[in-house]
2 protein chains.
Amino acid sequence: MAIGIKDVARAAGVAPSTVSRALGTGPVSADVRRRVQEAVAATGYRPNMSARRLRSQRSMTVGLVVADIRNPFFTQLSRAVEDAAYRAGMRVFLCNTDEDPTREAMYLDLMADERVSGLILAPTRALKSQALAGFQVPVVLVDRPLPGGRRDAVVLDNRGATAMLVDHLVASGRSRIAGLFGATSATGIERRDAFQAQMQAHGLAPVIAMAPPSLDAGRAALADLMAGADPQAMILSNGLFVGAALRHARETGLSVPRDIALAGFDDEPWTSLVEPGITVIRQPVEAFGREAMQMLLARIANPDLPTRSVVLSGELVARGSTA
Amino acid sequence: MAIGIKDVARAAGVAPSTVSRALGTGPVSADVRRRVQEAVAATGYRPNMSARRLRSQRSMTVGLVVADIRNPFFTQLSRAVEDAAYRAGMRVFLCNTDEDPTREAMYLDLMADERVSGLILAPTRALKSQALAGFQVPVVLVDRPLPGGRRDAVVLDNRGATAMLVDHLVASGRSRIAGLFGATSATGIERRDAFQAQMQAHGLAPVIAMAPPSLDAGRAALADLMAGADPQAMILSNGLFVGAALRHARETGLSVPRDIALAGFDDEPWTSLVEPGITVIRQPVEAFGREAMQMLLARIANPDLPTRSVVLSGELVARGSTA
DNA sequence: AAACAGGGTGGAAACGTTTCCACCTTTCCG
DNA sequence: CGGAAAGGTGGAAACGTTTCCACCCTGTTT
């Protein structure tokens with residue numbers, strides 16, 4: 001039924017192996033190449049990727065496993081990765097774990113089954129680096145490092161970025177500062193630790209809460225935090241929490257920035273749309289994707305490369321929420 | 001090097017064919033099934049999807065081709081589709097055309113090469129329904145119908161939703177109403193036509209502009225519209241334009257809703273975060289995904305089914321921007 | 001003039017599965 | 001007690017490619 005390389009071969013009057021070479025990289029005469037191309041057009045032949053991958057043992061596909069596709073950071077990242085992959089002649093297999101370690105494990109198995117050439121991964125905190133150990137293919141971590149194992153990674157300078165936020169808030173005259181951090185990612189932990197350290201560097205006592213990245217959990221944690229500590233300012237470790245905090249302030253009648261200042265991570269489109277605008281750390285998302293893909297390709301080409309870690313700097317975007 | 005089904009067979013003391021049956025659906029004795037499972041665990045065997053697909057001629061994969069992954073509508077949609085697919089034992093191959101007909105054509109070819117079992121597609125307006133004709137696999141259109149060919153589709157009741165917006169604005173006492181619609185999607189066209197019709201039903205003269213879905217193009221079109229027509233209200237056909245309109249109002253010192261009322265499509269998270277909240281049509285995105293997947297599975301199971309079209313209703317969420 | 005290099009080509013094996021077919025049990029029924 | 005049905009198993013073919021190998025040319029070198 002379906003037309004294969006043999007049908008093309010017959011139409012072009014050559015052997016199947018010659019068609020294969022004409023379509024790929026192989027020495028063929030100009031005449032044969034033209035005849036094959038005509039035959040392909042005439043028959044409407046489309047290559048069968050499964051057969052191609054099976055025989056050649058090369059999938060020309062990289063996996064991208066992100067933690068939360070609703071998060072604009074990851075959608076932007078996936079676009080950047082895909083562009084870079086496409087330029088390198090590779091496809092991207094995108095999966096979304098939803099911060100769920102079970103789904104994450106499932107998708108990692110899936111990637112193995114698909115025999116991807118490499119993997120870009122934003123791991124859940126629950127991921128045992130041992131789980132990656134059995135993984136044969138090159139892996140590049142993105143956004144989130146992994147505690148134990150030495151792995152290629154491209155991450156934000158969370159320490160520096162958090163310190164910028166703290167300094168900015170302290171400079172604005174606030175001292176009772178609270179922080180709400182994501183509990184499921186290494187990034188949340190890093191930012192929490194940096195927050196604590198920088199507050200202490202200023203001789204201030206940090207107020208800290210952690211929550212899983214859901215709207216409800218965030219709001220509950222915020223309510224506790226506000227009620228308990230009566231902070232003058234608040235640092236939020238992701239865009240979801242920033243939104244939740246703004247909503248909470250609105251609902252409890254707190255004025256931003258007079259009653260409470262808000263600052264967070266991720267410059268989502270709406271942070272400049274609300275009134276007042278939100279002070280945030282802007283991450284170089286495109287660079288994350290580009291660097292990750294580049295590292296991955298380098299490691300695929302040469303698996304014995306020493307492990308590298310690229311640290312990108314965030315940029316403080318000061319807006320009205322911390323005036 | 002890599003372990004295959006033969007290695008498992010040897011370890012379990014059975015034939016490869018028996019391992020295949022034990023792993024899939026086949027009559028095997030309880031004893032053999034247990035031995036095979038042990039052997040799989042012992043050897044760390046992972047199936048090779050390419051080989052499986054090649055031999056079985058079934059990919060158990062559906063393609064999902066969306067137009068703009070940054071649009072929360074499509075990210076939500078992809079989550080819903082993925083959940084539904086997973087429940088049916090299928091994988092999802094997600095691609096983002098970025099409203100670019102060239103990329104769209106490329107990804108359609110890619111889907112054909114991957115021999116996906118079916119395809120869920122939000123087509124660009126430039127897509128010739130003829131381009132899908134050569135497509136062997138079942139296709140379900142989502143969000144955007146296709147002019148010419150009869151195809152399964154799940155779409156919003158754009159006519160009704162647009163009428164709701166117009167009625168709502170007219171009821172609030174506004175009569176000079178302008179509309180900005182996406183130029184690259186069938187949806188934009190439908191909404192524009194419905195806008196025109198409903199305005200005329202009220203005996204009002206519609207002011208209409210179209211723009212490609214980019215922030216810059218939207219802002220340029222808005223500036224023209226505002227300057228030329230001095231509208232009291234504005235209807236925006238997607239979330240991007242709503243944001244652009246709000247920004248434009250802010251920058252030109254127009255007060256919302258006093259100087260101009262704003263209403264649009266897509267209830268993105270921030271529409272309730274800004275002040276005033278934006279009046280929007282909320283789309284049942286989860287239902288879009290669920291219905292589309294269901295239709296696709298039905299058609300895969302029985303390709304001779306008559307073409308169906310599911311029309312979902314939007315919900316008017318009235319907020320301060322039209323008070 | 002003989003040997004050689006190398007581009008161009010066809011034939012056949014191989015990639016790792018699933019599935020067809022044949023065969024051997026066992027069980028059940030007449 | 002004989003035979004048919006059904007369950008379980010192994011052997012081998014097949015899926016559509018790529019790639020190895022052998023071969024044939026033509027042109028160049030010794």
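In what follows, chains carry the letters A, B, and so on, assigned in the order in which the sequence lines appear, proteins first and then strands, with residues in each chain numbered from 1.
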Among [options], which nucleotide sits nearest the side chain of [X]?
X: B:Ser20; options: C:dT9, D:dT17, C:dT18; answer: C:dT18
X: B:Arg52; options: C:dT17, C:dG8, D:dT19; answer: C:dT17
X: A:Arg55; options: D:dT9, C:dA14, D:dG10; answer: C:dA14

Can you tell me if [X] touches the phosphate of [N], counting only side-chain N or O atoms and a distance under 4.0 Å to OP1 or OP2?
X: B:Ser56; N: C:dT17; value: no
X: A:Ser17; N: C:dG10; value: no
X: A:Gln57; N: C:dG16; value: yes

On DNA chain C, check which nucleotide each of A:Ala30 and A:Pro16 is closest to and give me the residue with the more 5' one.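 This one resolves to A:Ala30.
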Can you tell me how far CD of B:Glu104 sits from CG of B:Asn96, rounded to the nearest 0.5 angstrom?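 Taking CG in B:Asn96 and CD in B:Glu104, the distance rounds to 11.0 Å.
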Taking donor-acceptor contacts at under 3.5 Å, does the side chain of B:Arg46 reach the base of C:dG16?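 Side chain to base: no pair present.
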Where does the angle between the aromatic ring planes of A:Phe288 and A:Phe73 fall among parallel (under 30°), tilted (30 to 60°) and perpendicular (over 60°)?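 Answer is perpendicular, since the angle exceeds 60°.
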On a heavy-atom basis, which atom in B:Glu286 and which in B:Ala80 lie closest, and how many Å separate them?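 The answer is OE1-CB, 3.7 Å.
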I'd like to know whether CZ of A:Phe135 has more than 12 heavy-atom contacts from other residues, nucleotides or ligands below 6.0 angstrom.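 Buried by this count: over 12 neighbours within 6.0 Å.
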Please work out if B:Arg33 contacts a base, only the sugar-phosphate, or nothing of the nucleic acid, heavy-atom cut-off 4.0 Å.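 Nothing, no nucleic acid heavy atom in range.
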What's B:Ser29 touching, base or sugar-phosphate or nothing? Going by heavy atoms closer than 4.0 Å.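 B:Ser29: backbone/sugar contact only, no base atoms under 4.0 Å.
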To the nearest Å, give me how far apart [atom1] ([X]) and [atom2] ([N]) are.
X: A:Ile3; N: D:dG16; atom1: CD1; atom2: P; result: 11 Å
X: A:Ile5; N: C:dA12; atom1: CD1; atom2: P; result: 17 Å
X: B:Arg53; N: C:dT19; atom1: CZ; atom2: P; result: 14 Å
X: B:Asp113; N: D:dG16; atom1: CG; atom2: P; result: 14 Å

With no hydrogens and no angle check, do the side chains of A:Ser117 and A:Ser59 hold a donor and an acceptor under 3.5 Å apart?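 Result is yes, a qualifying pair exists.
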